[in-house]
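Numbers for residues simply follow the sequence, beginning at 1.
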Amino acid sequence: MKAWFQRQTLRVKVQIVILVTTTVALLLLFMFQAVLQYMELRHSALEELRLQLVRVGDNTIWTLVTNNSLEAKFLLQDFGTSPKILSCQIFTSDGKLFASYGPNLSSDVHLSLQHVTNSSSRFSLGQICMHRPLFHQNKELGLLVVQASLIDLQAAMSRFVMIWGFIVLVAWLLSFMLSRKFREMISGPLERLALAMHTVTEEKAYTLRIDGTGEDELGQLTAGFNEMLEQIELRDSELTLHRDRLEHLAHHDSLTGLPNRLLFNDRLKQAIQRAERSKRPLALIFIDLDRFKIINDTLGHDVGDLVLVEAACRLEASLRKSDTVARLGGDEFVVILEEFESQQSVAQISRKIIDELSLECQIMDHSLYVTASLGISFYPDNGTDLTSLKRCADIAMFRAKDSGRNNYQFYLPGMGDGARKMLALESDLRSALDKNQMRIFFQPQVSMRSGSVCGAEALLRWQHPQRGLVLPGEFIPLAEETGLIVPLGEWVLRETCRRARTWLNRGLGPIRFSVNVSPRQFRQSNLVEMVQLVLEETGLPAHLLELEVTETLLMGDVEDAIMKMTELRQLGVLLAIDDFGSGYSSLSYLKHFPITKLKIDRSFIRDLHQDRHDLAIAASVASLAEVMGLAALAEGVETKAQEEALIGLGMEWAQGFLYQVPLPVDQFETFLQQAHTDLGAAHTEPLPVIPLSNRINPSSE
């Protein structure tokens, strides 16, 4: 029953509750009225019969006194003429029947009469039995017993039940009709609320509202539900805006508003699919702003950001609505071109982009001119997938950079071979030290006058397992660019010092060993500490180590260079300027550097014997070194004519193929053992350095 009730709708439940409550109330009222009616009718019947019994009893006492049973019988007959009287009997005091009318009493009633002392009554089904003792002069003469029918009472109760049954039925019908109205008033709003909740749940219809203006709990519930929907609608609207914003940020560049790399990749894939279906070509233009880093470094990133925004606007203005322009990051943009006639039309668009970007750009208080280098690849000629098209366009863009910038280049087969080789070379270089592929060659530095060996320059070589012996010119620039030059330089320094100490212990010396220091290595903050640690680990005297730096390196940060070189000289390490004259140097700064040697670049030695300009430069460097108290050494001496010209300039020290090619470690050790040199002519102490106060100051002349 409970489970059945729980399955019913709210409307049915409300009506059932109302009807059950009404029915129970009506039944209780009916039963209460019936009991009251029955008690009232019974009391009336008893009173009426008791009065009749008293009258008859008074009349029958004399018959008992006179013992006239016939008279008593007549009296009883007159009394029994009433339709309600069933029987009446008179008993003597000893219990014998004196007179009677109607049927006799039942035996159990007859027996119970023996104990009657006062007037009393007894009800049974459909009738009532009443008896009254008969006294004369305080002496009990007998007992009068009357049985009367209750048909009047039953008839009255039947009428009562019919009347009240009709009243109850009418009341129940009225209750049923009213319950429908009340059900609608109570369950209607709840049903509409439930239907609205279902609709909102299924259809996400947060704009739905329920009509209801009542101030009761249902009205408050309806108002609360509408308020909840309003808040949900507002929050849903905000979430939609946030989602759209996040969707836009996820697929667009936050600075320029252009599609970002993610969206660009998706559009390029779709463009490739369209091109494949339509059998039409597709062009990809990779754009990189020239020297954009200078703008950021000199004017700040705020100006740089505004330049990027302006460049994005100009790119969009140069293209059609159907074309896609995106920013990949930094100063890199990319354009997808579809529906073009020929490569010539792509070239015209590229030239238009270059011209538009190169116009004057007014940013804050700065008038800037920004150029761009463009690389172009085509589908399907240069690739049929996203990766290959991007790679080819990127390679073509770098070719445009190498071609002087501010131009465009189409990708051609073979353009990427050099880049791929450099990538493979970089990968191999990163593991070269771990795989023990690096080698050190030594080239002697000799006296042109006596032929004695005064020192040797350590030169790095790479023994590649497939390429063979790789010269420094092929991998040193790459190592410098990638930062690998720092661990390589430290390894060369440590290995050179270790070998030098070993040869010194074997009596092959003392000679001075020169090690090149790269610009990136020189800028390391721990350079001096690293050199000191290597000298302590290997035990090589500091005056037998010479570090070579370029003049371009020294001109970068003069104060830092002077500080580091001074600290190195305090350790006892010698310092030389390599390739002197090939770069840009200032004599006003040069006099402050605590250097001990100048090495004349080989470019001035090559034609020294036949070019008076080279001869004049070499003579100037030799004179400068002499005046400043520095040693001078000529690099790249290959012929006797060059040697004679240098001796004629008063120079003594040289290095080159005329004396010895660079030798690996074992061969250089043999060279030292077999060399017939005057070891006494070799410097056993660091070259003397003239104090700055005693040097010629060009500005004082």
Enquirer: Salt-bridge test for Arg50 and Glu47: reply yes if a basic N is under 4.0 Å from a carboxylate O, no otherwise.
Expert: yes
Enquirer: What are the two closest heavy atoms between Pro259 and Arg267, and how far apart are they?
Expert: CG-NH1, 3.7 Å
Enquirer: Indicate yes or no for a side-chain donor-acceptor contact from Thr298 to the backbone of Ile294 under 3.5 Å, with no hydrogens or angles considered.
Expert: yes
Enquirer: Taking all non-hydrogen atoms of both residues into account, name the closest pair between Leu357 and Ala372 and its distance.
Expert: CD1-CB, 3.7 Å
Enquirer: Using a 4.5 Å cut-off on heavy atoms from C-beta on, say whether the side chain of Ile85 contacts that of Leu49.
Expert: yes
Enquirer: Does the side chain of Ser367 pick up a donor-acceptor pair with the side chain of Gln362 at under 3.5 Å?
Expert: yes
Enquirer: Answer yes or no: is there a side-chain heavy-atom contact under 4.5 Å between Phe30 and Val161?
Expert: yes
Enquirer: Would you please say whether a donor-acceptor pair under 3.5 Å links the side chains of Thr23 and Trp172?
Expert: yes
Enquirer: Applying side chain to side chain contact (heavy atoms under 4.5 Å, CB included) between Asn260 and each of Leu258, Leu262, Thr256, report the one that passes.
Expert: Leu262
Enquirer: Tell me whether Asp323 contacts the main-chain N or O of Arg320 through its side chain, where contact means a donor paired with an acceptor under 3.5 Å.
Expert: yes
Enquirer: Might you confirm whether atom CD of Glu276 has over 12 heavy atoms from other residues, nucleotides or ligands at distances under 6.0 Å?
Expert: no
Enquirer: Of the options Asp302, Leu299, Leu306, which is the one that meets Ile363 in a side chain to side chain contact (heavy atoms under 4.5 Å, CB included)?
Expert: Leu306
Enquirer: Measure the shortest side-chain to side-chain distance between Glu230 and Leu234 over non-hydrogen atoms and say whether it is less than 4.5 angstrom.
Expert: no
Enquirer: Is a donor on one side and an acceptor on the other found under 3.5 Å between the side chain of Ser318 and the backbone of Arg314?
Expert: yes
Enquirer: Inspect the surroundings of CZ in Phe340 and state if more than 12 heavy atoms from other residues, nucleotides or ligands are less than 6.0 Å away.
Expert: yes
Enquirer: Of the non-hydrogen atoms in Gln89 and Leu76, which two are nearest, and what is the gap between them?
Expert: CA-CD1, 4.3 Å
Enquirer: Hey, mind stepping through Glu332 and Phe286 against side chain to side chain contact (heavy atoms under 4.5 Å, CB included) and telling me if it holds?
Expert: CA-CA 7 Å; Glu332 295 179 345; Phe286 199 98; 3.8 Å; yes
Enquirer: Please check if atom CG in Asp365 has more than 12 non-hydrogen atoms from other residues, nucleotides or ligands closer than 6.0 Å.
Expert: no
Enquirer: How long is the gap from OG on Ser175 to CG on Leu26, to the nearest 0.5 Å?
Expert: 7.0 Å
Enquirer: Is any side-chain N of the basic residue among Asp58 and Arg132 closer than 4.0 Å to the acidic one's carboxylate O?
Expert: yes
Enquirer: Ignoring hydrogens and geometry, is there a side-chain-to-backbone donor-acceptor pair from Ser44 to Glu40 under 3.5 Å?
Expert: yes
Enquirer: Near Met228 CE, under 6.0 Å, is it more than 12 heavy atoms from other residues, nucleotides or ligands?
Expert: yes
Enquirer: Just checking Ile232: does its CD1 atom have more than 12 heavy atoms from other residues, nucleotides or ligands closer to it than 6.0 angstrom?
Expert: yes
Enquirer: Would Lys390 and Leu268 satisfy side chain to side chain contact (heavy atoms under 4.5 Å, CB included), going step by step from the backbone distance to the final call?
Expert: CA-CA 10 Å; Lys390 288 171 61 178; Leu268 182 55; 4.2 Å; yes
Enquirer: Can you check whether Val303 reaches Leu368 side chain to side chain, under 4.5 Å on heavy atoms?
Expert: yes
Enquirer: On a heavy-atom basis, which atom in Leu143 and which in Pro133 lie closest, and how many Å separate them?
Expert: CD1-N, 3.5 Å
Enquirer: When rounded to the nearest 0.5 angstrom, what is the spacing between CG in Leu263 and CG in Asp253?
Expert: 11.5 Å
Enquirer: Would a 4.5 Å heavy-atom cut-off, applied to side chains only, mark Leu41 and Phe160 as touching?
Expert: no
Enquirer: Show the numbers, then the answer: is there a salt bridge (Lys or Arg N to Asp or Glu O under 4.0 Å) between Arg430 and Glu426?
Expert: CA-CA 6 Å; Arg430 291 186 179 277; Glu426 179 185 348; 2.9 Å; yes
Enquirer: Compute whether any side-chain donor of one residue and acceptor of the other, for Thr63 and Glu71, lie under 3.5 angstrom apart.
Expert: no
Enquirer: Between atom CG of Leu153 and atom CD of Gln127, what is the distance when rounded to the nearest 0.5 Å?
Expert: 13.0 Å
Enquirer: Could you go step by step and tell me if Phe264 and Leu284 meet the side chain to side chain contact (heavy atoms under 4.5 Å, CB included) rule?
Expert: CA-CA 11 Å; Phe264 160 74; Leu284 184 65; 3.8 Å; yes
Enquirer: Run the numbers on Ser388 and Asp385 for side chain to side chain donor-acceptor pair (under 3.5 Å), then give the verdict.
Expert: CA-CA 6 Å; Ser388 59; Asp385 58 80; 3.2 Å; yes
Enquirer: Ile287 vs Val325, test: side chain to side chain contact (heavy atoms under 4.5 Å, CB included). Steps then yes/no.
Expert: CA-CA 10 Å; Ile287 305 170; Val325 56; 5.9 Å; no
Enquirer: How long is the span from the OG atom in Ser254 to the CZ atom in Arg327, to the nearest 0.5 Å?
Expert: 7.5 Å
Enquirer: Could you state the interatomic distance from CG (Leu27) to CZ (Phe32), rounded to the nearest 0.5 Å?
Expert: 15.0 Å
Enquirer: Quick one: does Ser373's side chain have a donor or acceptor within less than 3.5 Å of a partner on Asp288's backbone?
Expert: no
Enquirer: Shortest non-hydrogen contact from Ile272 to Thr384?
Expert: CG2-O, 3.7 Å
Enquirer: OH of Tyr379 to CZ of Arg274: how many Å apart, nearest 0.5 Å?
Expert: 12.0 Å
Enquirer: Where do Val346 and Phe378 come nearest, in terms of heavy atoms and distance?
Expert: CG2-CE2, 3.8 Å
Enquirer: Below 4.5 Å, heavy atoms only, C-beta onward: do Leu289 and Leu308 meet side chain to side chain?
Expert: yes
Enquirer: With side chains defined as the heavy atoms from C-beta onward, is the minimum distance between Leu75 and Val56 less than 4.5 Å?
Expert: no
Enquirer: With a 4.5 Å limit on heavy-atom distance, are the side chains of Leu150 and Ile128 in contact?
Expert: yes
Enquirer: With Asn68 as reference, evaluate Thr66, Val65, Leu64 under the side chain to side chain contact (heavy atoms under 4.5 Å, CB included) test and give the passing residue.
Expert: Thr66
